[in-house]
Amino acid sequence: MARRHDVEVLTTCARDYITWVNEYSEGTEQINGVNVRRFATAHTRDIAAFNAFSEWIFHNPHTHEDEMSWLEQQGPWCPALLEYLAAQAQSYDAVIFFTYLYATTVLGLPLAQDRSILAPTAHNEPAIHLDLYKDVFRRPKAIAFNTEVEKAFLKATFEIRALAEETVGCGVDLLDGRPHSTGAANTLPEGPFLLYGGRIDPGKGCAELLDFFDAYKSEGGPATLVLMGAKLMPLPNVPWVRYAGLLSERDRVTALQSASIVVVPSPFESLSLLALEGMAVGKPVVCNAHAHVLVDHCRRSNAGLFYSSRDEFVECTHLLVADGQLRERMGRNGQSYVAANYSWDVIMSKYDALMAALPKL
């Protein structure tokens, strides 16, 4: 976006969404030519207390004050960022809010409503049914949906008054399917392997993935499962499960290019960059069928299979590991799908259309 516009980012000093601990320095820095303003969070998150409160509020009658307390406990709670936005909102031609869920969007939208574009990154989860989000989806002047599935869900759930909307998603750079030799090659298996990348967390479907992959191995499957990213749960000490760690961007790309299959086990997704990046480098994807967005990607691209049970996962994996020609055909389909829908030129033309539709003040 900075190639076309004068862009400034407002964000927090946190690096970890679990705790919201301030790790970056407050103030302004230039990153790749973009001005980034960081503001300290007012307090951290007690994840155990928050999860307990969430369990209560999602299943019991409660008040608006309860929901606002939940929003603050969720974090990031960053009054300094909101104060800056309130003072400077009129200096921006457009203010794009990413993710409907957090206080920066819920409390920030009213401060810049006439210049607002919301990229919701939403899916059907308990939090989205809290009453406070009804107002969030009424406010923005434009909405950048990630997928048609997300758009249909939100329009069926909320009163949306936006003047303009586009199904946008996010640009994907990885259109070169040729592996590059880097340090990552030393940590990857020599034979066929499935690759998962992202938070290694039960909430992302990783516990189920390990269970299903164990069933695949019990039937004599030859592949290995490789996981890369932040490890937030223990992994079994077995030879067919390998943790690659937190990889550099170059090594992460090499891992994607070297994989036989990219697996996306999350039951909740609003876009899934992992699936799109796997397709972009010419790899078939195997996805959790409970995530409607992933099923839609697979069907529209003809580049992936989806599973809703252990047996289906095992059969999908056996089929793709055994059939190299099928993997290649699906890989080519995926590259065509990403190039047509998720190149940066396509994405930016849609954002430009949304910005052009905002009221002229």
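Sorted by first then second residue, the ring-ring contact (aromatic ring centres under 6.0 Å, His included) pairs that include residues 275-299, not counting sequence neighbours, are His297-Tyr337. Applying the salt bridge (charged side-chain N to carboxylate O under 4.0 Å, His left out) test to every pair with at least one member in residues 5-20, sequence neighbours left out, gives these pairs: Glu8-Arg37.
Residues satisfying the salt bridge (charged side-chain N to carboxylate O under 4.0 Å, His left out) criterion with Lys151, sequence neighbours excluded, are Glu165. Looking at residues two or more places apart in sequence or on another chain, you find a side-chain hydrogen bond (donor to acceptor under 3.5 Å, both in side chains) between His123 and Glu125. For the ring-ring contact (aromatic ring centres under 6.0 Å, His included) test, residues two or more places apart in sequence or in another chain that qualify with Tyr102 are Trp20. Residues meeting the ring-ring contact (aromatic ring centres under 6.0 Å, His included) test with Tyr92, sequence neighbours left out: none. Every residue was checked against the side-chain hydrogen bond (donor to acceptor under 3.5 Å, both in side chains) condition with Arg138, not counting sequence neighbours, and none meets it. Here Phe306 pairs with nothing under the ring-ring contact (aromatic ring centres under 6.0 Å, His included) rule; sequence neighbours left out. Checked against ring-ring contact (aromatic ring centres under 6.0 Å, His included), Tyr351 has no partners two or more places apart in sequence or in another chain. Every residue meeting the side-chain hydrogen bond (donor to acceptor under 3.5 Å, both in side chains) condition with Thr41, not counting sequence neighbours, appears here in chain and number order: Asn22. A search for side-chain hydrogen bond (donor to acceptor under 3.5 Å, both in side chains) contacts involving Gln113 returns Arg139, not counting sequence neighbours.
For the pair Arg242/Pro189, a side-chain contact is recorded, criterion being any heavy-atom separation below 4.5 Å from C-beta on. Side-chain atoms of Phe193 and Leu188, non-hydrogen and from C-beta on, do get closer than 4.5 Å to each other. Contact of the Asn288 side chain with the Phe268 side chain is not registered, since no non-hydrogen atoms from C-beta on lie closer than 4.5 Å. When side chains are defined from C-beta on, Val314 does not count as touching Thr317, because their heavy atoms never get closer than 4.5 Å. Annotation: side chain of Lys283 is not in contact with side chain of Ile261 (no heavy-atom distance under 4.5 Å). Here the side chains of Asn35 and Val7 are not in contact, with every heavy-atom distance at 4.5 Å or above. Contact check for Thr157 versus Ile128: no side-chain heavy atoms found under the 4.5 Å cut-off. No side-chain heavy atom of Val263 sits less than 4.5 Å from a side-chain heavy atom of Phe213.
Using a cut-off of 4.0 Å between Lys/Arg side-chain N and Asp/Glu carboxylate O, Arg310 and Asp211 are scored as salt-bridged. With salt bridges taken as basic N to acidic carboxylate O contacts below 4.0 Å, none links Arg300 and Glu148. Salt bridge annotation for Arg252-Glu277: present, with a cationic side-chain nitrogen under 4.0 angstrom from a carboxylate oxygen.
When the shell of 6.0 Å around CD of Glu219 is examined, it contains more than 12 heavy atoms from other residues, nucleotides or ligands. The environment of Gln30 atom CD is dense: over 12 non-hydrogen atoms of other residues, nucleotides or ligands sit within 6.0 angstrom.
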(request) With side-chain contact (heavy atoms from CB on, under 4.5 Å) as the test, would you mind laying out the steps for Leu271 and Tyr342 before giving the verdict? (result) CA-CA 11 Å; Leu271 179 67; Tyr342 297 101; 4.0 Å; yes
(request) Carefully, step by step, assess Phe39 and Thr12 under the rule side-chain contact (heavy atoms from CB on, under 4.5 Å). (result) CA-CA 5 Å; Phe39 302 86; Thr12 72; 5.8 Å; no
(request) Kindly determine whether Glu269 and Lys204 satisfy salt bridge (charged side-chain N to carboxylate O under 4.0 Å, His left out), including the steps that lead there. (result) CA-CA 9 Å; Glu269 288 292 335; Lys204 299 296 281 186; 3.1 Å; yes
(request) Under the ring-ring contact (aromatic ring centres under 6.0 Å, His included) rule, what do Trp70 and Phe50 come out as? Steps first, then yes or no, please. (result) CA-CA 8 Å; Trp70 176 88; Phe50 171 71; 5.6 Å; yes
(message) The test is side-chain contact (heavy atoms from CB on, under 4.5 Å); show your working for Val346 and Asn341 and say whether it passes.
(response) CA-CA 7 Å; Val346 171; Asn341 296 281; 5.8 Å; no
(request) Please report the C-alpha distance between Phe98 and Ile117 in whole Å, then the side-chain angles of each, then the deciding distance to 0.1 Å, and finally whether the side-chain contact (heavy atoms from CB on, under 4.5 Å) criterion is met. (result) CA-CA 9 Å; Phe98 278 93; Ile117 300 172; over 6 Å; no
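With no hydrogens or angles considered, no side-chain donor-acceptor pair links Ser270 and Glu150 at under 3.5 Å. Side-chain contact annotation: His5 with Asp352, donor-acceptor N/O pair under 3.5 Å present.
Atom CG of Leu358 sits about 9.0 Å away from atom CG of Asp93, to the nearest 0.5 Å. Separating the CG atom in Leu246 from the CD1 atom in Ile200 is a distance of 8.0 Å, to the nearest 0.5 Å.
Distance alone, capped at 3.5 Å, is enough to place a donor-acceptor pair between the Arg45 side chain and the Tyr17 backbone. The backbone N or O of Leu101 sits less than 3.5 Å from a side-chain atom of Gln74, completing a donor-acceptor pair. Of the possible donor and acceptor atoms, none in the side chain of Asp201 sits under 3.5 Å from a partner among the backbone N and O of Leu232. Of the possible polar contacts, none joining the Glu29 side chain to the Val36 backbone as a donor-acceptor pair under 3.5 Å is found. Remark: side-chain polar atoms of His62 are paired, donor with acceptor, to backbone N or O of Asn60 under 3.5 angstrom. In this structure, Ser91 contributes its side chain and Gln88 its backbone to a donor-acceptor pair below 3.5 Å. Side chain of Arg327 to backbone of Leu320: a donor-acceptor contact under 3.5 angstrom is found. In this structure, the side chain of Lys360 engages the main chain of Ala356 through a donor-acceptor pair within 3.5 Å. Remark: side-chain polar atoms of Tyr84 are not paired, donor with acceptor, to backbone N or O of Ala89 under 3.5 angstrom. Of the possible donor and acceptor atoms, one in the side chain of Ser116 sits under 3.5 Å from a partner among the backbone N and O of Lys141.
In plain terms, the two heavy atoms of Val264 and Ser272 that are nearest each other are CG1-OG, 3.6 Å. Minimum interatomic distance between Pro284 and Ser260 (heavy atoms only, all atoms of both residues): CD-O, 3.5 Å. Across every non-hydrogen atom of Cys287 and Cys298, the tightest pair is SG-SG, 3.9 Å. In terms of heavy atoms, Ala112 sits closest to Leu85 at CB-CD1, 4.5 Å. What you find for Cys78 and Ala40 is that their closest heavy atoms are SG-O, 3.4 Å.
Hydrophobic cluster of Tyr24: no remaining members, since no ILVMFWY side chain lies below 4.5 Å from it.
Seen from the ring of Phe158, Lys134 does not count as a face-on cation partner, given the 6.0 Å and 45° thresholds.
Between Tyr216 and Phe313, the distance from one ring center to the other does not fall under 6.0 angstrom.
Note: Tyr100 and Tyr133 have perpendicular aromatic rings, judged against thresholds of 30 and 60 degrees for the angle between ring planes.
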